[in-house]
Amino acid sequence: MKIRHACHDDLDTIMSVYQHAKKVMEQSGNPGQWVNGYPSRELIEGDLRKERLFVLENEGQVEAVFVYFIGDEPNYHKIEGAWLNDAPYGVVHRVATAGNVRGAGQFCLDWSYEQCHNLRIDTHDDNRIMQHILEKTGYVKCGRIYVEDGSPRIAYHKTA
């Protein structure tokens, strides 16, 4: 398995990975996280243009997709709680898997942490699957943040 930057030719596959992830979230008791067309193709194309969209490839097939970047995340400016530190940090968003390779989501998180040993991520209260993966791999629950639409998310942080 390898991580690489996504390319324009991956877009249809990426959108189908996100569709699969939405179904899994609904089936696992998390029907409210990715709604109303989120994530939209336009949003994903924007991530691609900014060179922050990555895929996990296994034997030539896209098995997972996620956003990773080092820099400021405006949604993380205000937290009910406290981040582990105020140092520059990496961010992971929109992790989704195709469901064919066990551990694909964790592989993406591990790769991201290898790139930056000060990593922040958030997830929905009902996303028990992601919460389990994060807590199992050493992320610390730091509090609550709010995304653009005002909905709350659990804030996690992992640092060396």
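All residue numbers in this chain count up from 1 along the given sequence.
The two residues V95 and G105 make their nearest non-hydrogen contact at CG1-CA, 4.2 Å. Minimum heavy-atom separation, V92 to I121: O-CG1, 3.3 Å. Minimum interatomic distance between I3 and C108 (heavy atoms only, all atoms of both residues): CD1-SG, 4.2 Å. When all heavy atoms are compared, the tightest approach of Q131 to H124 is NE2-O, 3.1 Å. Across all non-hydrogen atoms, the minimal contact from L48 to A6 is CD1-O, 3.1 Å. Nearest heavy atom pair, residue A98 against residue V62, reads CB-O, 4.1 Å.
No donor-acceptor pair under 3.5 Å is formed between the side chain of Q61 and the backbone N or O of E63. Here the side chain of Y89 pairs a donor or acceptor atom with the backbone of E73 at under 3.5 angstrom. Checked by atom type and distance alone, the side chain of Q19 never pairs as donor or acceptor with a backbone atom of M15 at under 3.5 Å. Looking at T97, its side chain never comes within 3.5 Å of a backbone N or O of A21 through a donor-acceptor pair. Put simply, the side chain of K22 gets close to the backbone of Y38: a donor and an acceptor are under 3.5 Å apart.
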Stepwise side chain to side chain contact (heavy atoms under 4.5 Å, CB included) test for S28 and E26: CA-CA 5 Å; S28 66; E26 287 175 16; over 6 Å; no
Test side chain to side chain contact (heavy atoms under 4.5 Å, CB included) applied to L43 and R94, step by step: CA-CA 11 Å; L43 178 65; R94 293 188 287 286; 3.8 Å; yes
I154/K141 under side chain to side chain contact (heavy atoms under 4.5 Å, CB included): CA gap, chis, key distance, verdict: CA-CA 7 Å; I154 303 169; K141 194 182 298 186; 3.4 Å; yes
Full working for side chain to side chain contact (heavy atoms under 4.5 Å, CB included) between T123 and R153: CA-CA 5 Å; T123 194; R153 297 290 187 268; 5.8 Å; no
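Note on Y68 and V91: separate hydrophobic clusters, where clusters join Ile, Leu, Val, Met, Phe, Trp and Tyr whose side-chain heavy atoms are under 4.5 Å apart, directly or indirectly. When hydrophobic clusters are built by joining Ile, Leu, Val, Met, Phe, Trp and Tyr residues whose side-chain heavy atoms come closer than 4.5 Å, directly or via intermediates, L11 is grouped together with V17. The cluster map of Ile, Leu, Val, Met, Phe, Trp and Tyr, joined by side-chain heavy atoms under 4.5 Å apart, puts Y139 and Y76 in different clusters. Note on V101 and V24: same hydrophobic cluster, where clusters join Ile, Leu, Val, Met, Phe, Trp and Tyr whose side-chain heavy atoms are under 4.5 Å apart, directly or indirectly. Using a 4.5 Å cut-off between side-chain heavy atoms of Ile, Leu, Val, Met, Phe, Trp and Tyr, with links allowed through other members, V67 and V147 fall into the same hydrophobic cluster.
Applying the salt bridge (Lys or Arg N to Asp or Glu O under 4.0 Å) test to residues at least two apart or on different chains, the pairs with a partner in residues 108-133 are D125-R144.
No side-chain heavy atom of E57 sits under 4.5 Å from any side-chain heavy atom of D10. Under the 4.5 Å side-chain criterion, counting only non-hydrogen atoms from C-beta, S16 is not in contact with I14. Looking at heavy atoms from C-beta onward, I145 lies out of side-chain contact with P152 at the 4.5 angstrom threshold. The shortest distance between side-chain heavy atoms of I79 and C142 falls below 4.5 Å.
Here the CG-CZ distance, from D47 to F54, works out to 10.5 Å after rounding to the nearest 0.5 Å. Between atom CD of residue E59 and atom NZ of residue K2 there is a gap of 12.5 Å, rounded to the nearest 0.5 Å. Atom CG of N58 is separated from atom CE of M1 by 6.0 Å, given to the nearest 0.5 angstrom. Between the CG atom in L134 and the CG atom in L119 there is a gap of 9.5 Å [rounded to 0.5 Å]. In this structure, OH in Y156 is found 11.0 Å from CD1 in I133, a value given to the nearest 0.5 Å. Here the CH2-CZ distance, from W111 to R4, works out to 12.0 Å after rounding to the nearest 0.5 Å.
Ring centroids of F66 and H93 are separated by 6.0 Å or more, keeping the two rings apart.
A cation-pi geometry, defined here as NZ or CZ lying under 6.0 Å from the six-membered ring centre and within 45° of its normal, holds between K158 and Y113.
Using cut-offs of 30° and 60° on the angle between ring planes, the pair H157 and W83 is perpendicular. Below 30°, between 30° and 60°, or above 60°: for Y18 and W34 the angle between ring planes is above 60°, a perpendicular geometry.
A 6.0 Å sphere centred on CG of D149 holds more than 12 heavy atoms belonging to other residues, nucleotides or ligands.
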